[in-house]
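Computation of the quantities below employed the complete heavy-atom set of this structure, encompassing side-chain atoms and omitting hydrogens, waters and symmetry-equivalent molecules. Numbers restart at 1 for each chain; the letters A, B, ... are given by sequence-line order, proteins then strands.
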Amino acid sequence: MTATRRTVLGGLSALAAAPALGGARPDVVVVGGGFGGATAARALCRLGLGVTLVEPARTYHACPLSNAVLVGLRPMASQVFGYGGLAAAGIRVVHDRAVAIDGSARRVRLAGGDSLAYDRLIVSPGIEIRLDAIPGYDASASEMMPHAWKAGPQTETLARRLAAMEDGGLVVLTVPDNPYRCPPGPYERASLIADYLKARKPRSKLILLDAKDVFSKQPLFEEAWATRYPQHLEYVPRARGGRLAEVDASAMTLRAEAGTFRPSVASVIPPQRAPEICRAAGLTDAGGWCPVDPVSFESRRVSGVHVIGDAAMPGAMPKSAFSANDQAKVCAQAVADLLRGRAPAPPKLVNVCYSLVAPGRAVSIAGVYGIEWDTLVAIPEAAGISPVGAPENLRAQEAAHGEAWFEAVTAEMFG
Amino acid sequence: MPLSVGSRSARVVLLCLVGAPAVADDVPPPGASSCAVCHAACGPVPAAPPCLRNRTPDQIAEALDAYRTGTRTGTVMPYLAKGFSREEIRALAEHLGQAAPR
Ligand SMILES: Cc1cc2nc3c(=O)[nH]c(=O)nc-3n(C[C@H](O)[C@H](O)[C@H](O)COP(=O)(O)OP(=O)(O)OC[C@H]3O[C@@H](n4cnc5c(N)ncnc54)[C@H](O)[C@@H]3O)c2cc1C
């Protein structure tokens, strides 16, 4: 896993393209104040650069652990963070939406009419939920069958529906094909809902319709389902007709090859892509995500613009908050290096992601990613999941580690 | 508009520098930024992973080598340690074990 000639050359050509700064303090603009953007802003600030963060929302709603909110295990308030800590650290926080990027003039245009000049731009806008991918699943259908895949009002809607459902009701949850935000997240959601039904509404059941046959942490989820929820969770993979074909929100029906379902509560997680700002700026490829150089996270399409987090496709890393946080720090260092006329060193990135399989019981996936040729690859011996058949105390320890990570990472970003 | 934007951001640059005067040239070794989230928070969170700035670089390198070679068991660390060479582990241990730069 060493730097290849090509990646080193890539770094140098990026250097050559850097603007002459003439001694002025360089300014970096960051678009998006989530796991990628807020972390990048803090890291750039620590590196002594001038930072402006553009984020339309006054508060951030964090997704990790939001599946626990759905079933009443955590209050929504524990997911909500403000931007006061970033402002106090010296970051200029602009509450507006970026609507266009002019890569040659190095300016970002905001919905409010202002435009910001940058020496380098970091974009971390997360995902766009596709409302054109599943027939019948448009904006109003998404209110009837909430995805809750961006934490916020839909999380609370889905929590209310589950709480209000009568015992004996059917819950249907649908999962898209890869790639999408948080690969194990739907299975965590299924586990926690099944646990809730078993404890509180034991005559009810969850059907999990999947557009795939293989998924993240699969042996661990399957173990948990077989031992904990045999009566309350039915998994339907693609091979058995699990791919969602169509919904009719007014009739509250979902059609898959496996059958047509009319549940009391439905959550449809549709396919996703990089948000509109990425398409508008020409950062995306045909798959809808943003290809980047894995050393600097600079866009392969528009020079001077770096993309991190869920919107980026740097190679093998999963779309997780842990990845976004790590990519942000690597990218901030690379941006500082490039602005100071140094070639960024080839990084190593880490992802660790915990999923609850029951209240207070979690499993993990871990991986280290290095540069090979011109992409990020998982280092095979450094990738794995928690042991199958482990005792409860290990699952409890991993749940505590997951919570400790959430506390630490949100304090680092927003504290 | 752009003018006022420029002058305000110039003031902000100073604030950022005041917050973190000495770290600009201290490039962390590969992987260090990910370790720090869980191991440098050092807050009062119960059951959090160990606070590494209280350990010597030798202690940290020894633990990582043991995870890497399989003589020590754990949850995610046996995997993560195998992603780094002995030299990289040494650099991480020196970086994380020294008193935190902030
Ligand atoms: C249910 C669920 C559970 C999850 N659990 C975990 C977990 O346990 N561990 C884990 O690591 N990950 C988890 N994730 C994944 C994690 O939430 C995402 O991977 C992470 O949020 C990605 O960070 P980001 O910066 O790319 O995007 P976000 O965190 O979504 O941030 C994007 C920000 O950009 C802003 N924005 C968008 N467009 C614009 C624009 N044009 N101008 C300005 N700002 C804009 C948005 O308002 C938003 O604040 C989970 C996700 C879900 C849905």
Side-chain angles (χ1 to χ4, degrees), chain A residues 1 25 27 43-52 89-92 94 107 113-117 322 325-326 328-330 333 336-337 340 342 345-352 364-370 379 381-386 394 397-398 400-401 403-405 407-409 411-412, chain B residues 1-6 8-49 51 67-68 70 73-85 88 91-92 101-102:
Chain A
M1 296 304 150
R25 179 77 54 197
D27 275 316
L44 291 161
C45 192
R46 279 196 299 273
L47 288 161
L49 296 166
V51 191
T52 302
I91 294 159
R92 183 166 158 244
V94 175
R107 296 196 82 89
D114 277 355
S115 86
L116 300 171
F322 199 110
N325 174 263
D326 203 17
K329 292 170 188 168
V330 165
Q333 182 66 51
D337 286 343
R340 289 172 181 143
R342 285 195 296 235
K348 276 203 173 160
L349 288 107
V350 171
N351 177 58
V352 175
S364 63
I365 188 164
V368 181
Y369 300 83
I379 298 171
E381 58 276 23
I385 58 174
S386 317
L394 191 88
Q397 191 190 355
E398 294 219 282
H401 283 171
E403 252 185 76
W405 165 76
E407 296 304 324
V409 75
E412 184 190 274
Chain B
M1 281 300 180
L3 264 185
S4 71
V5 161
R8 265 199 290 163
S9 69
R11 184 167 57 81
V12 163
V13 170
L14 288 177
L15 287 174
C16 274
L17 280 175
V18 169
V23 288
D25 275 334
D26 174 26
V27 178
S33 54
S34 19
C35 310
V37 177
C38 297
H39 289 288
C42 301
V45 183
C51 170
Y67 282 130
R68 203 169 77 92
T73 60
T75 56
V76 298
M77 289 312 301
Y79 297 121
L80 299 182
K82 291 185 184 73
F84 297 89
S85 68
E88 287 172 324
L92 284 171
R102 278 178 291 138

State the CG-NZ distance between Leu80(B) and Lys348(A), to the nearest 0.5 angstrom.
11.5 Å
So which of Ala345(A), Ala366(A), Pro347(A), Ala336(A) has the biggest tally of heavy-atom pairs under 4.5 Å with chain B?
Ala366(A)
Side chain, backbone, both or neither: which part of Ile385(A) has a heavy atom under 4.5 Å from chain B?
backbone
Can a donor-acceptor pair be found, under 3.5 Å and without considering hydrogens, that links the side chain of Tyr79(B) to the backbone of Glu381(A)?
no
Contact winner vs chain B - Ala383(A), Ser386(A), Ala328(A), Ala411(A), heavy-atom pairs under 4.5 Å:
Ala383(A)
Within-4.5 Å side-chain heavy-atom neighbours: Asp326(A) and Ser33(B)
yes
Would you mind telling me which of Val350(A), Val94(A), Val330(A) has the largest number of heavy-atom pairs within less than 4.5 Å of chain B?
Val350(A)
Got Phe322(A) and Ser34(B) here, is their nearest side-chain heavy-atom distance under 4.5 Å?
yes
Applying salt bridge (Lys or Arg N to Asp or Glu O under 4.0 Å), name anything that partners Glu412(A), two or more places apart in sequence or on another chain.
Lys329(A)
Is it the backbone or the side chain of Val352(A) that comes under 4.5 Å from a heavy atom of chain B, or both, or neither?
side chain
Is there side-chain contact between Val76(B) and His401(A), with at least one heavy-atom pair below 4.5 Å?
no
For Ile379(A) and Lys82(B), what are the C-alpha separation, side-chain angles and deciding distance, and is it a side chain to side chain contact (heavy atoms under 4.5 Å, CB included)?
CA-CA 8 Å; Ile379(A) 298 171; Lys82(B) 291 185 184 73; over 6 Å; no
